[in-house]
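Everything on this sheet refers to the single structure shown next.
Reckoned from all heavy atoms, side chains included, excluding hydrogens, waters and symmetry mates.
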Amino acid sequence: EVKQALEASVLPIGSYSIKRKTNWSLSLNSYVGAYWSYANKKDYPPLGLSAPIGFNISKGFSATGKGGSISLNLQALDLGALVNYYLVKGDTASLPNDFSVKLSNVFAPGFNLCYNVPKTPLTVAWGGQYIPTLYTSDQINSPGELVPTNAWRWQAMILIDIPLFNIKVWDFNK
């Protein structure tokens with residue numbers, strides 16, 4: 001039932017063009033792509049996968065979409081954090097057997113200023129985000145004591161624009 005509800009409400013393929021062809025739009029949006037970053041902790045990789053989900057307010061530059069658009073993305077989640085852990089650790093990656101994914105592992109509040117490239121689903125973005133906490137067995141100092149691995153990072157990204165739901169769209173003609 002949940003899958004059917006999501007499929008019924010998620011926008012169809014090609015819906016990335018809506019924010020490029022409208023005067024203003026407000027949407028729930030997701031992206032997937034690569035980032036280059038500077039984190040305030042040196043053990044974080046400068047390159048990785050990003051998959052932020054959040055709200056977008058977008059301003060289109062023309063009704064034809066030829067000028068693209070600019071968006072402010074206020075993200076709440078980043079599903080790329082879990083994948084990045086395995087990309088960094090490689091074959092040695094292992095989480096404790098009792099580990100289960102929690103909101104704290106994907107909760108990544110942040111902001112991104114995005115330029116939505118005309119006639120493509122590509123977006124170039126710059127922003128900052130809180131990096132979610134992941135715990136591993138090698139971070140346990142003593143029984144029951146965990147060392148959090150959270151940090152802030154500044155990032156530049158190349159992303160694929162995947163709008164999930166348009167909340168409000170203002171056309172150029174109105």
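No donor-acceptor pair closer than 3.5 Å links the side chain of Gln155 to the backbone N or O of Gln129. Looking only at distances, no side-chain donor or acceptor of Ser50 sits under 3.5 Å from a matching main-chain atom of Gly80.
Ile53 and Ile158 fall into different hydrophobic clusters, where Ile, Leu, Val, Met, Phe, Trp and Tyr are joined by side-chain heavy atoms under 4.5 Å apart, directly or via other members. At a threshold of 4.5 Å between side-chain heavy atoms, the hydrophobic network of Ile, Leu, Val, Met, Phe, Trp and Tyr places Ile167 and Trp170 in one connected group.
Considering all non-hydrogen atoms of both residues, Leu159 and Ala125 come closest at CD1-CB, 4.2 Å. Nearest heavy-atom pair, Pro118 versus Gly65, reported as atom, atom and distance to 0.1 Å: CB-O, 3.3 Å.
Considering CZ of Phe61 and CG of Asn23, their distance stands at 11.0 Å, rounded to 0.5 Å. Rounding to the nearest 0.5 Å places CZ of Arg20 at 10.5 Å from CD1 of Ile18. Rounded to the nearest 0.5 angstrom, Lys19 NZ and Ile70 CD1 are separated by 12.5 Å. Of the inter-residue distances, the one linking Asn29 atom CG with Ser58 atom OG reads 7.0 Å to the nearest 0.5 angstrom. Atoms OG and NZ, from Ser27 and Lys168 in turn, are 14.0 Å apart once rounded to the nearest 0.5 Å. Taking CE from Met157 and SG from Cys114, the interatomic distance works out to 6.0 Å, rounded to the nearest 0.5 Å.
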Open item on the list: Let's go through Ile162 and Tyr16 carefully: what are the C-alpha distance in whole Å and the side-chain angles of both, what is the deciding distance for side-chain contact (heavy atoms from CB on, under 4.5 Å) to 0.1 Å, and is it a yes or a no?
Closed with: CA-CA 6 Å; Ile162 309 169; Tyr16 67 85; over 6 Å; no
- [ ] Please assess Lys21 against Thr64 for the test side-chain contact (heavy atoms from CB on, under 4.5 Å), listing each intermediate value before the final yes or no.
- [x] CA-CA 6 Å; Lys21 294 180 179 181; Thr64 62; over 6 Å; no
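Considering only heavy atoms from C-beta on, Tyr115 stays 4.5 Å or farther from Thr123 through its side chain. Taking 4.5 Å as the limit, some side-chain heavy atom of Leu49 sits within range of a side-chain heavy atom of Val32.
For the pairing with Tyr31, the side-chain hydrogen bond (donor to acceptor under 3.5 Å, both in side chains) check across Asn56, Asn112, Asn73 returns one residue only, Asn56.
Residues satisfying the salt bridge (charged side-chain N to carboxylate O under 4.0 Å, His left out) test with Asp78, not counting sequence neighbours, are Arg153. Partners of Phe111 according to the ring pair (Phe, Tyr, Trp, His ring centres under 6.0 Å) rule, which considers only residues two or more places apart in sequence or in another chain, are Trp154.
Between the side chains of Ser71 and Asn116, a donor-acceptor pair is found at a separation under 3.5 Å.
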